[in-house]
Amino acid sequence: MKTSYFGRMKTMSLAERGMCVAISRGCPVWYKGKRLLELAPTRAMLRMAPAEYDGNYADILAALDPKMIAATLGQDAILLCWEKPGLPCHRHTVADWLQHHTGIEVVEL
């Protein structure tokens, strides 16, 4: 499993594009791929301070079964959201959460 961001899709192969799963609340208008809204922050969270956001996002993940999420995503999934690599982003939190609870290594593409 991997993570990336919408802006990188233009450089992905057609096969990689088919493995993408958006985990953001919103998506670019051109994105027509799979989505898993269970992993998306709420709209209200997008206006929160980082500490409050992190706590609320931890609550979202705590309510989910990581093994079921991993099975739903599939081992070849590329988790997408908006932030460029190096910027704080919930996809990295999801990657850490999956690795901690399932042992699946999730790396940035």
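Hydrogens, waters and symmetry mates are skipped; everything else that's a heavy atom, side chains included, is used.
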Name every donor-acceptor pair, under 3.5 Å, that has one atom in a side chain of residues 59-71 and the other anywhere in the protein, sequence neighbours excluded.
{"residue": "Asp65", "atom": "OD1", "partner": "Lys67", "partner atom": "N", "Å": "3.0"}
{"residue": "Asp65", "atom": "OD1", "partner": "Met68", "partner atom": "N", "Å": "3.4"}

Any non-hydrogen side-chain atom of [X] less than 4.5 Å from a side-chain atom of [Y]?
X	Y	answer
Ile78	Leu109	yes
Val94	Leu79	yes
Ser4	Met12	yes
Tyr5	Lys84	yes
Thr72	Leu36	yes

For residues [X] and [Y]: do they belong to one hydrophobic cluster (side chain heavy atoms under 4.5 Å, members Ile, Leu, Val, Met, Phe, Trp, Tyr)?
X	Y	result
Leu98	Ile23	yes
Val21	Leu80	no
Met1	Leu39	yes
Val106	Met9	no

Closest non-hydrogen atoms of Pro85 and Glu108, given as atom of the first, atom of the second and distance, are CG-OE2, 3.5 Å
Check the pair Tyr57 / His90 against side chain to side chain contact (heavy atoms under 4.5 Å, CB included), numbers first and verdict last. CA-CA 8 Å; Tyr57 197 69; His90 76 287; 3.3 Å; yes
Please answer whether the main-chain N or O of [Y] pairs with a side-chain N or O of [X] as donor and acceptor at a distance below 3.5 Å.
X	Y	value
Arg17	Thr11	no
Gln99	Asp96	no
Arg91	Ser24	no

Supply the atom-to-atom distance Arg8 CZ to Cys20 SG, rounded to the nearest 0.5 angstrom. 10.0 Å
Would you give the length of the straight line joining atom NZ of Lys2 to atom CD of Glu16, rounded to the nearest 0.5 angstrom?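 Taking NZ in Lys2 and CD in Glu16, the distance rounds to 7.0 Å.
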Any residue meeting side-chain contact (heavy atoms from CB on, under 4.5 Å) with Pro28, in chain and number order, not counting sequence neighbours: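 For Pro28 the side-chain contact (heavy atoms from CB on, under 4.5 Å) partners, ignoring immediate neighbours, are Phe6, Trp30, Tyr31, Trp82.
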